[in-house]
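Working notes for the structure below.
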There are 2 protein chains.
Amino acid sequence: MARRSDHSREQIREMTLAASEEIIATQGHQALSARKVAGAIGYTVGTLYLVFENLDDLILQVNGRTLDRLYELIVEDQRHCADAEACLFQLGHSYIRFADAEPYAWQLIFEHRLADDREPPDWYQEKIAHMFALVEERIAQLAAHQSDKEIAQAARALWGGVHGICILAITHTLGAAGVDSVQAITYTLMNNFVKGFVSTPSNKQ
Amino acid sequence: MARRSDHSREQIREMTLAASEEIIATQGHQALSARKVAGAIGYTVGTLYLVFENLDDLILQVNGRTLDRLYELIVEDQRHCADAEACLFQLGHSYIRFADAEPYAWQLIFEHRLADDREPPDWYQEKIAHMFALVEERIAQLAAHQSDKEIAQAARALWGGVHGICILAITHTLGAAGVDSVQAITYTLMNNFVKGFVSTPSNKQ
DNA sequence: ACCTGAACACCGTTCAAGT
DNA sequence: ACCTGAACACCGTTCAAGT
C-alpha cells in the first residue's frame with residue numbers, strides 16, 4: 001500500500017501533535033511512543049519521520065505549544081490585577097495553576113533533554129525569553145534604585161523559586177498537600193522576597 | 001549454565017548499584033538499562049530481578065544513596081559556618097555545589113516517577129525529611145516571633161526556591177552561565193527572602 | 001511523491017530449564 | 001539454590017519496495 005494523500009503534511013503535523021498532547025495529558029510522557037502516536041492518527045511509524053526529525057523533535061514541538069498555552073494563560077490573568085506587586089504575585093499563582101492543570105505537559109518542558117546537550121533552537125529559546133520578560137517587567141516596576149543587572153538577577157531568582165516550589169509539590173517532596181497549600185508557600189516566598197527587595201538600596205554582594 | 005555463587009546477594013546488590021551509579025554519572029539516567037548494568041557486573045539480566053523488584057526499585061535505591069551523599073556534604077559544610085544566617089546561605093551553596101558536581105544523579109531524584117503515582121517507601125521519605133530538618137532548624141534560629149507553621153512554610157518556600165534555581169540552571173532555562181552565576185542568583189533569593197522574613201512580625205496572609 | 005511494512009538493534013520482565 | 005538464556009511484548013529509527 002502507499003500514496004494515500006488523505007492529509008497534507010501540515011495536517012499530519014497537527015494531528016500528530018494533538019494526539020501526542022492527548023497521550024501526555026492522560027498517561028504522562030513516559031507513555032508516549034512513536035508507534036502509539038502513529039496508531040492514534042491512523043498512519044504507520046514511518047510517516048512520522050517524514051514530518052518530524054525524530055521523537056526528540058516531536059517533543060520539542062509539543063513543548064513549544066505548551067509554552068504558548070502557559071503564556072496565554074499568564075497574559076490573560078495579568079489583565080485583572082491591580083498594581084505591580086499584585087501582578088507579580090498573580091504571575092506566580094498563574095504559573096502554579098497551569099502546572100496543576102497540566103502537570104505532565106508542564107513537567108515535560110523541564111525533563112526533556114536534547115541529545116548531546118545541544119542548545120534548543122532559537123524559536124524555542126525566544127518563547128522562554130518572551131515569558132521571562134513578563135517577570136522582569138513586574139520586578140522592574142517594584143525596583144526603586146536597583147540596576148538592570150540587579151533586576152535581571154531578581155527576576156531569575158524569583159521565577160526559579162516559584163518553579164522549584166512547583167516541582168517539589170508535584171513530586172510530593174514538599175510534604176504539602178493540595179494546590180492551596182502550594183499557593184500559600186509560593187505567597188510566602190514572593191512576599192518575603194519582595195519585602196527584602198524593595199527595602200534595599202542595593203542588592204549587590 | 002547456572003549456580004555460580006561467586007558473590008553473595010548483598011555483594012551483587014552493591015555491585016549493581018555501583019555500576020548503575022557509574023553509568024548515570026557518565027551517561028545520564030537515560031542510558032541506564034537492566035541489560036547494560038547486568039553486563040557491567042558480569043551477570044545476565046535475570047539475576048537483577050532476584051535482587052531488585054524491578055528497574056524502578058533499583059533507581060529508588062540509587063536515589064537513596066544519592067540523598068545520603070548530599071546529606072553528608074551538607075552536614076560537613078555546616079560545620080564551618082559562623083552564624084545562623086551564614087549557615088542558611090551555606091545550605092543553599094552546598095546544595096548547588098552537589099547538583100553541579102553530580103547533575104545526573106541529582107536530577108534523577110526528581111525525574112523518577114513511581115508507577116501509578118505510588119508514595120515512596122518510608123525509608124526514602126525519612127531521608128528527605130531528615131535533610132529538610134536542617135533547613136527548618138536554620139530558619140527557626142532566624143525567626144524572632146514566627147510560629148512553627150510559619151517557620152515550616154518558610155523552610156519549604158526557601159528550599160523550593162533554591163531547588164528551582166538549580167533546575168533552571170541545569171536545563172539552561174535561566175540564561176545564566178556557570179556555577180558562579182547560579183550561586184549569585186541563589187544568594188539574591190536567599191538574601192532578599194531572609195531580609196523580608198526577619199523584618200516581619202507575622203507572615204500570615 | 002507519498003506511505004508502507006519489514007528489518008535492525010535495542011528495551012523491561014518473566015520463567016522453564018539447567019547445574 | 002542460584003543463575004541462565006530464551007521468550008514475549010514492546011521500543012526508535014531506517015529504507016527498499018510498492019502504488
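Labels below follow one simple rule: chain letters A, B, ... track the order of the sequence lines, proteins then strands, and each chain is numbered from 1. Basis for what follows: all heavy atoms, side chains included, without hydrogens, waters or symmetry-related copies.
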>> For residues 49-74 of chain A, which residue pairs pass the ring-ring contact (aromatic ring centres under 6.0 Å, His included) check, not counting sequence neighbours?
In response: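 Residue pairs with at least one partner in residues 49-74 of chain A: A:Y71-A:H130.
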Please enumerate all protein N or O atoms sitting under 3.5 Å from an N or O of nucleotides 6-9 of chain D, with distances to 0.1 Å.
{"from": "D:dA7", "atom 1": "N6", "to": "B:R35", "atom 2": "NH2", "distance (Å)": "3.3"}

> Of all residues at least two apart in sequence or in a different chain, which pass the side-chain contact (heavy atoms from CB on, under 4.5 Å) check with B:E53?
Replying inline: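 Testing B:E53 for side-chain contact (heavy atoms from CB on, under 4.5 Å), a comparison that skips the adjacent residues, returns B:D57.
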>> Please find the pair of heavy atoms, one from B:D6 and one from B:Y43, that lie closest to each other, and give the distance.
In response: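 Nearest heavy atoms, B:D6 then B:Y43: CB-OH, 3.9 Å.
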>> Looking at every non-hydrogen atom in both residues, tell me the closest pair between A:L134 and A:L91 and how far apart they are.
In response: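 That closest heavy-atom pairing would be O-CD1, 3.8 Å.
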OP1 or OP2 of [N] sitting under 4.0 Å from any side-chain N/O of [X]?
X: A:Y49; N: D:dT14; result: no
X: A:T44; N: C:dC3; result: no
X: B:T47; N: D:dC2; result: no

> Taking only Watson-Crick and G-U wobble pairs with both distances under 3.5 Å, what dot-bracket line describes DNA chain D, where [ ] shows pairs that cross earlier ones and | shows pairs with another strand?
Replying inline: ||.|||||...|||||.||
Using atom [atom1] of [X] as one end and atom [atom2] of [N] as the other, report the distance to the nearest whole Å.
X: A:D6; N: C:dT4; atom1: CG; atom2: C1'; result: 14 Å
X: B:L50; N: C:dA16; atom1: CG; atom2: P; result: 14 Å
X: B:Q30; N: C:dC10; atom1: CD; atom2: P; result: 17 Å
X: A:Y43; N: C:dC3; atom1: OH; atom2: P; result: 5 Å
X: A:L32; N: C:dC11; atom1: CG; atom2: C1'; result: 16 Å

> Where along residues 52-63 of chain A does a heavy atom come under 4.0 Å from DNA chain D, residue by residue in number order?
Replying inline: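 Nucleic-acid contacts, sorted: A:N54, A:L55.
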> Do A:H29 and A:Q107 have side-chain N/O donor and acceptor atoms under 3.5 Å apart?
Replying inline: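 There is no such pair between these side chains.
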>> Under a 3.5 Å cutoff, is there a donor and acceptor pairing between the side chains of A:E22 and A:T26?
In response: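 Their side chains do not contain a donor-acceptor pair, so the 3.5 Å distance test is not met.
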>> Suppose we screen for salt bridge (Lys or Arg N to Asp or Glu O under 4.0 Å). Which residues come up paired with A:D148, at least two apart in sequence or across chains?
In response: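 A:D148: no salt bridge (Lys or Arg N to Asp or Glu O under 4.0 Å) contacts found.
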>> I'd like to check the salt bridge (Lys or Arg N to Asp or Glu O under 4.0 Å) partners of B:E76; sequence neighbours left out, ordered by chain and number.
In response: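 For B:E76 the salt bridge (Lys or Arg N to Asp or Glu O under 4.0 Å) partners, ignoring immediate neighbours, are B:R79.
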> Taking only residues at least two apart or on different chains, which pairs with a member in residues 129-143 of chain B satisfy salt bridge (Lys or Arg N to Asp or Glu O under 4.0 Å)?
Replying inline: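 Every pair satisfying salt bridge (Lys or Arg N to Asp or Glu O under 4.0 Å) with a residue in residues 129-143 of chain B: B:E136-B:R156.
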>> Under the salt bridge (Lys or Arg N to Asp or Glu O under 4.0 Å) definition, can you give me all pairs with a residue in residues 59-70 of chain A, not counting sequence neighbours?
In response: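 Applying salt bridge (Lys or Arg N to Asp or Glu O under 4.0 Å) to every pair that reaches into residues 59-70 of chain A, excluding sequence neighbours, yields A:E14-A:R65, A:E21-A:R65, A:E21-A:R69, A:D68-A:K127, A:R69-A:E102.
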>> Restricting to ring-ring contact (aromatic ring centres under 6.0 Å, His included), what partner residues turn up for B:F110, sequence neighbours left out?
In response: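 For B:F110 the ring-ring contact (aromatic ring centres under 6.0 Å, His included) partners, ignoring immediate neighbours, are B:W106, B:H163.
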> Looking at residues at least two apart in the chain, or sitting in another chain, which of them share a ring-ring contact (aromatic ring centres under 6.0 Å, His included) with B:F89?
Replying inline: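 In terms of ring-ring contact (aromatic ring centres under 6.0 Å, His included), with neighbours along the sequence ignored, B:F89 is linked to B:Y187.
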> Are the charged groups of A:D77 and A:R97 less than 4.0 angstrom apart, N to O?
Replying inline: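 Answer for the salt bridge query: yes.
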> Contacts to DNA chain C from residues 9-18 of chain B, heavy-atom cutoff under 4.0 Å, which residues?
Replying inline: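 None - not one residue of the stretch has a heavy atom sitting under 4.0 Å from the strand.
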